[in-house]
Amino acid sequence: MTVNGLLDWTYFGNSVRAWLIAAGVLVVTTALLVLIKRLAAGRLSRVAERTDTHLDNLVVDLVARTRVFFLLTLGAAAALAALTVTPRAATVLWRLFVCVFVVQGALWANGVVHFWVARYTARRDASDAGSVMMLSAMGVVIRLVLWAVALLLVLDNFGVDVTALIAGLGVGGIAVALAVQNILGDALGALSIVLDKPFIVGDFIVVDDLSGTVEYVGLKTTRLRSISGEQLVFSNGDLLKSRIRNYKRMFERRVVFTFGVTYGTPRAKLAELPSIVRRLVEGQKDTRFDRAHFARYSESSLDFEVVYYVKVPDYGRYMDIQQAINLALLDECASRGIEFAYPTRTLYIAPPVAAEQVAAAAP
């Protein structure tokens, strides 16, 4: 039998010659596409390194996300031009090609979302940690929706009743939601934290009697680093039900402090003390004086109450100012002979009664 005779043998409606031509087209086309991808990726990467724009970086990322199975599918589509296929086989192949295109399109779209989130996160990382959390969460949601749509398109392409599937998933989702309502509550709490932003990563917050710096906001828990060093973990649902004090959002700090002087202090010196304290407070930088009054009579002291504001939220700066005021007040009172009070109690002892007085008082 001659070679031409072998090439004329027919398999599945096509000669061996047609099958070999189709295989050659598949191999050559796929190899060329893979080579073009590698050359394009290298060339574009070098160009992207020399420019400040971000669009070329996106193109490089999309080229890198182009998978070999997609290039192989393109080669197979070109090879089919050399073959004769039945309508049924053409339908099956077309559905497979559509599935591959949908998956590759989802990969490209996922790359665009990742690029967008990374770009805006890098812009806002130092200035707005809340926006970073929100963008990251939006990126996750968009990716989930993207792959869910891709899955539905693939199933619909194979003739699956997507409408019934969605309805069934809805009923099943209700049952699952009832079973994992605590987890879903925490997940919705995380979404509320991201969107409403009662606090962001880096804020110092107080929750009931616990306090710390926010380190991480997850789908189920939020983690704080306490002043003493240990990590505090709160479920998002419980955290949002608590009273949260966010000290990072403080613009100025209201300070109230009291001091007491002895009861023997002359009235004139008592009247001078509010103006002395005012001068001391106003002499400090970053302060705003509010009031100073002789407030009350205590058991062993005459108490004064002072209120002022520190214009910066930094706790260390507040303590430096309060220390300076306390030392200056100590010097001012010492120079005027005013003594600070401390807890004292005077005990009066009645004189002894003579025996004769007792006998005389008896009936």
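Although no hydrogens or angles enter the test, the distance criterion places a donor-acceptor pair under 3.5 Å between the side chain of Q104 and the main chain of R67. Within the 3.5 Å criterion, the main-chain N or O of I321 finds no donor-acceptor partner in the side chain of R317. Distance alone, capped at 3.5 Å, is enough to place a donor-acceptor pair between the N326 side chain and the Q322 backbone. The main-chain N or O of V207 is never found under 3.5 Å from a side-chain atom of S211 such that the two would form a donor-acceptor pair. Side chain of T29 to backbone of V25: a donor-acceptor contact under 3.5 angstrom is found. Although no hydrogens or angles enter the test, the distance criterion places a donor-acceptor pair under 3.5 Å between the side chain of T287 and the main chain of V281.
Side-chain polar atoms of E252 and Y318 form no donor-acceptor pair below 3.5 angstrom. For the 3.5 Å distance criterion, the side chains of T258 and D303 fail to qualify, holding no donor opposite an acceptor. The closest side-chain donor-acceptor pair between E215 and T213, if any, does not fall under 3.5 angstrom.
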### Task
Kindly determine whether T262 and F340 satisfy side chain to side chain contact (heavy atoms under 4.5 Å, CB included), including the steps that lead there.
CA-CA 6 Å; T262 59; F340 288 103; over 6 Å; no
### Query
Between V214 and I200, is a side chain to side chain contact (heavy atoms under 4.5 Å, CB included) present by the stated rule, with each step listed?
CA-CA 7 Å; V214 180; I200 59 177; over 6 Å; no
### Verdict with reasoning, H114 to R65, per side chain to side chain contact (heavy atoms under 4.5 Å, CB included)
CA-CA 12 Å; H114 176 76; R65 290 175 182 270; 4.0 Å; yes
### Message
Walk me through whether R288 and E282 qualify under salt bridge (charged side-chain N to carboxylate O under 4.0 Å, His left out).
### Response
CA-CA 7 Å; R288 176 165 57 86; E282 292 178 344; over 6 Å; no
### Task
Test side-chain hydrogen bond (donor to acceptor under 3.5 Å, both in side chains) on Y216 and Q231 and set out the steps.
CA-CA 11 Å; Y216 172 79; Q231 188 179 69; over 6 Å; no
### Task
Evaluate side chain to side chain contact (heavy atoms under 4.5 Å, CB included) for F234 paired with I205, printing each intermediate quantity in order.
CA-CA 12 Å; F234 299 88; I205 64 174; over 6 Å; no
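Rounding to the nearest 0.5 Å gives a distance of 6.0 Å between SG of C333 and CZ of F259. L302 contributes atom CG, which lies 13.5 Å from atom NZ of K269 (distance to the nearest 0.5 angstrom). The CG atom of L270 sits 11.0 Å away from atom OH of Y263, with the distance rounded to the nearest 0.5 Å. Atoms CZ and NZ, from R249 and K197 in turn, are 8.0 Å apart once rounded to the nearest 0.5 Å. For the atom pair CG (L273) and CD1 (I338), the distance works out to 4.0 Å, reported to the nearest 0.5 Å.
Aromatic ring centres of W94 and F101 lie farther apart than the 6.0 Å criterion allows.
When all heavy atoms of W108 and L62 are compared, the closest pair comes out as NE1-O, 3.3 Å. The two residues P198 and S192 come nearest to each other via the heavy atoms CD-O, 4.4 Å. For the residue pair A76 and L26, the shortest heavy atom distance occurs at N-CD1, 3.3 Å. For the residue pair A22 and A79, the shortest heavy atom distance occurs at O-CB, 3.2 Å. Nearest approach of Q284 to I325, heavy atoms of both residues: CG-CG1, 3.9 Å. Of all non-hydrogen atoms in L232 and S226, the two that sit nearest each other are CD1-CB, 4.0 Å.
A 6.0 Å sphere centred on CZ of R336 holds more than 12 heavy atoms belonging to other residues, nucleotides or ligands. Within 6.0 Å of the CD atom in E230, the count of heavy atoms belonging to other residues, nucleotides or ligands exceeds 12.
Ion pairing of R243 with D208 is absent here, as no side-chain N (NZ or NE/NH1/NH2) approaches a carboxylate O to less than 4.0 Å. Taking a cutoff of 4.0 Å between a charged side-chain nitrogen and a carboxylate oxygen, R291 and E305 qualify as a salt bridge.
Between F204 and I227 there is a side-chain heavy-atom pair separated by less than 4.5 Å. Under the 4.5 Å side-chain criterion, counting only non-hydrogen atoms from C-beta, L74 is in contact with F70. Residues Y308 and V310 form a side-chain contact, since some pair of their non-hydrogen atoms from C-beta on lies under 4.5 Å apart. The closest side-chain heavy-atom distance from V261 to E339 is not below 4.5 Å.
Cluster annotation: V59 is not connected to L71 through the hydrophobic network of ILVMFWY side chains, with a link wherever side-chain heavy atoms come within less than 4.5 Å. Using a 4.5 Å cut-off between side-chain heavy atoms of Ile, Leu, Val, Met, Phe, Trp and Tyr, with links allowed through other members, W147 and F69 fall into the same hydrophobic cluster. No path of Ile, Leu, Val, Met, Phe, Trp and Tyr side chains, each step under 4.5 Å between heavy atoms, connects V154 with L72, placing them in separate hydrophobic clusters. When hydrophobic clusters are built by joining Ile, Leu, Val, Met, Phe, Trp and Tyr residues whose side-chain heavy atoms come closer than 4.5 Å, directly or via intermediates, V255 is grouped together with V277. If you chain together hydrophobic residues whose side chains sit under 4.5 Å apart, V206 and L239 never meet in one group.
With a 6.0 Å cutoff to the six-membered ring centre and a 45° limit on the axis angle, R278 does not count as a cation-pi contact of F289.
The only member of L329, L327, V306 that meets side chain to side chain contact (heavy atoms under 4.5 Å, CB included) when paired with L280 is L329. Between F304 and the choices Y297, F257, F294, the ring pair (Phe, Tyr, Trp, His ring centres under 6.0 Å) rule is met once, by F294.
By the side chain to side chain donor-acceptor pair (under 3.5 Å) test, R95 pairs with no residue at all, sequence neighbours left out.
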